Amino acid sequence: MSNIVIKVSQKTIAEMMNFYQQALLNKKVPYTVFVAKKEQTTITAYTSGKVMFQGSSAEAEAARWSNSADLSKTANANNKAPSSSLPADFSQWSVVGSDEVGNGSYFGPLVVCAVYASKDQLPVLKALGVKDSKMLTDPQIRAMAPKIKKLVPYQLLTVEPTKYNEIQPKYNTVRMKVALHNQAIRLLLQKIAPETPDAILIDQFTSEKNYRTYLKSEKNQITEKLFFATKGEQYHLAVAAASILCRTVFLEELEKASQEVGLQLPSGAGSKSDQVAAQLLQKGGMPLLAKYTKLHFANTEKAQKIAGYYQ
């Protein structure tokens, strides 16, 4: 079992706690900020700033935060600090980059986007201020999106909660995202043909081996020139642009849904989501909740308890 410890800032720990909100454990461990378990990996964040990853996916999970962390210890000498295997000049290549938004939010859709940024377009994207969407405010993101759409070819795919809930029992979340990324990339490659990118960079959400395994069950597989990197938006502006377009669609859909139900639907999967979901249950039961949420999240059971809702 892999065991990796990294050192991060308190700001990063707060970001991690939000990211793993859905997987938080109700454990009170001395000197910890939180304990979470994602699949077979336990993540323990300490008040000292150290974060321990233990389990079969420890390396992959630690890699999500490697750009803001110092590797401090491994229990296995064969474990190495996660790092990108991209070529040194990769940021200057003509690349199709893909990303997704909404996977960790109880309310709202899952949105996947692929963007093609040729080397000639990179300076203009940079001048626009394109960068990691987490470093931008929502108003900045929404103002930037129309400019990006005018500048570069892109392909957006949106899976509304109703469709998501229909697919999810058949496709686990990783397989669903593999299918969506592959489809978005394939459709974008058709748009830009006969031009071809130097590479395709996917913001990594699972190991390359897993991605390619799930890909085998898809039609029209895109298998060549694939690269994977956690925090891919830091390695190429194509992924950063895709992230911004994804986030914009997600925000627009969440805003539209909020207007429909007459409640402010929150992003994320925290306690606020439980409270709002409970109100939806009281208003229209499970049919209404299923229209706006990803039902397999733990928030559903919490909301049922708050609302006193029993089927």
Side-chain angles (χ1 to χ4, degrees), residues 60 63-64 66-67 82-103 110-126 128 130-134 145 148-149 151-159 171 173-249:
R64 292 181 183 276
S66 60
N67 288 341
S83 60
S84 169
S85 58
L86 300 175
D89 62 343
F90 188 87
S91 64
Q92 301 306 310
W93 289 15
S94 295
V95 168
V96 164
S98 69
D99 198 3
E100 86 277 338
V101 169
N103 180 60
L110 171 61
V111 186
V112 173
C113 182
V115 163
Y116 175 54
S118 69
K119 59 184 68 177
D120 295 333
Q121 294 165 320
L122 296 178
V124 185
L125 285 172
K126 188 173 182 180
L128 277 179
V130 173
K131 55 185 174 182
D132 182 358
S133 64
K134 297 181 186 66
I148 293 172
K149 287 181 176 180
L151 181 63
V152 294
Y154 65 92
Q155 179 65 54
L156 277 158
L157 298 176
T158 304
V159 182
Y171 275 45
T173 306
V174 173
R175 184 181 174 189
M176 190 189 304
K177 290 196 289 184
V178 169
L180 290 168
H181 277 270
N182 182 69
Q183 185 181 3
I185 292 166
R186 178 177 60 80
L187 293 173
L188 181 56
L189 291 176
Q190 290 175 355
K191 284 183 180 180
I192 66 174
E195 188 172 356
T196 59
D198 298 326
I200 298 167
L201 178 61
I202 297 172
D203 190 51
Q204 190 164 4
F205 53 87
T206 190
S207 68
E208 180 175 353
K209 181 181 178 181
N210 262 0
Y211 184 96
R212 291 187 181 275
T213 298
Y214 282 122
L215 190 61
K216 290 176 182 177
S217 61
E218 298 302 314
K219 295 180 179 178
N220 304 309
Q221 304 159 18
I222 304 301
T223 60
E224 297 180 357
K225 299 183 179 180
L226 290 181
F227 290 82
F228 302 83
T230 55
K231 298 191 176 183
E233 62 276 3
Q234 297 183 7
Y235 295 101
H236 202 281
L237 291 178
V239 179
S243 176
I244 289 169
L245 295 187
C246 279
R247 179 68 179 168
T248 299
V249 171

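Please read these numbers as outputs of a predicted model, since none were measured by experiment.
Smallest separation of non-hydrogen atoms from Ala240 and Val130: CB-CG1, 3.8 Å. A pairwise comparison of heavy atoms in Gly97 and Ala238 identifies N-CB, 3.6 Å as the closest pair. Residue Thr248 comes nearest to Ala145 through the heavy atom pair OG1-CB, 3.3 Å, listed as atom of the first residue, atom of the second, then distance. Taking each heavy atom of Glu218 and Gln221 in turn, the nearest pair found is O-NE2, 2.9 Å. Contact between Leu122 and Leu237 at its shortest, heavy atoms only, is O-CD1, 3.6 Å. Residues Ser98 and Ile202 share a closest heavy-atom pair of OG-CG1, 3.5 Å.
Listed for the Ser243 side chain is no donor-acceptor partner under 3.5 Å among the backbone atoms of Val239. Remark: the backbone N or O of Gln155 is not paired with any side-chain donor or acceptor of Lys191 at under 3.5 angstrom. Here the side chain of His236 pairs no donor or acceptor atom with the backbone of Ala117 at under 3.5 angstrom. Side chain of Asp198 to main chain of Ser94: a donor-acceptor pair is present (N/O by atom type, distance under 3.5 Å, no hydrogens or angles). Between the side chain of Gln92 and the backbone N or O of Lys119 there is no donor-acceptor pair closer than 3.5 Å. In terms of modelled atom types and a separation under 3.5 Å, the side chain of Gln121 and the main chain of Leu151 share a donor-acceptor contact.
With values rounded to the nearest 0.5 angstrom, Asn182 atom CG is found 8.0 Å from Asn220 atom CG. For the atom pair Cys246 SG and Leu156 CG, the distance stands at 6.0 Å (nearest 0.5 Å). Rounding to the nearest 0.5 angstrom, the gap separating the CZ atom in Phe228 from the CG atom in Leu201 is 9.0 Å. Residue Arg175 holds its CZ atom at 11.0 Å from CG of Leu215, rounded to the nearest 0.5 Å. A distance of 9.5 Å separates OG1 in Thr158 from CG in Leu180, rounded to the nearest 0.5 Å. Separation of atoms CG (Asp99) and NZ (Lys177) is listed at 9.5 Å; rounding is to 0.5 Å.
Open room surrounds CD on Glu224; 12 or fewer heavy atoms of other groups in view lie less than 6.0 Å from it. More than 12 heavy atoms of other shown residues, nucleotides or ligands fall within 6.0 angstrom of atom NZ in Lys225.
Between Val101 and Cys113 the shortest side-chain heavy-atom distance does not fall below 4.5 Å. A 4.5 Å side-chain heavy-atom check between Ser91 and Leu86 finds every atom pair outside the cut-off. Residues Val95 and Phe90 meet the side-chain proximity criterion, which asks for heavy atoms closer than 4.5 Å.
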*Please step through side chain to side chain contact (heavy atoms under 4.5 Å, CB included) for the pair Ile148 and Tyr154, ending with a clear verdict.*
CA-CA 9 Å; Ile148 293 172; Tyr154 65 92; over 6 Å; no
*Full working for side chain to side chain contact (heavy atoms under 4.5 Å, CB included) between Leu110 and Met176*: CA-CA 10 Å; Leu110 171 61; Met176 190 189 304; 4.0 Å; yes
_Phe205 vs Val178, test: side chain to side chain contact (heavy atoms under 4.5 Å, CB included). Steps then yes/no._
CA-CA 9 Å; Phe205 53 87; Val178 169; 3.9 Å; yes
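Here the two rings, on Phe227 and Tyr235, have centers that are 6.0 Å apart or farther. Between His181 and Tyr211, the gap from one ring centroid to the other reaches at least 6.0 Å.
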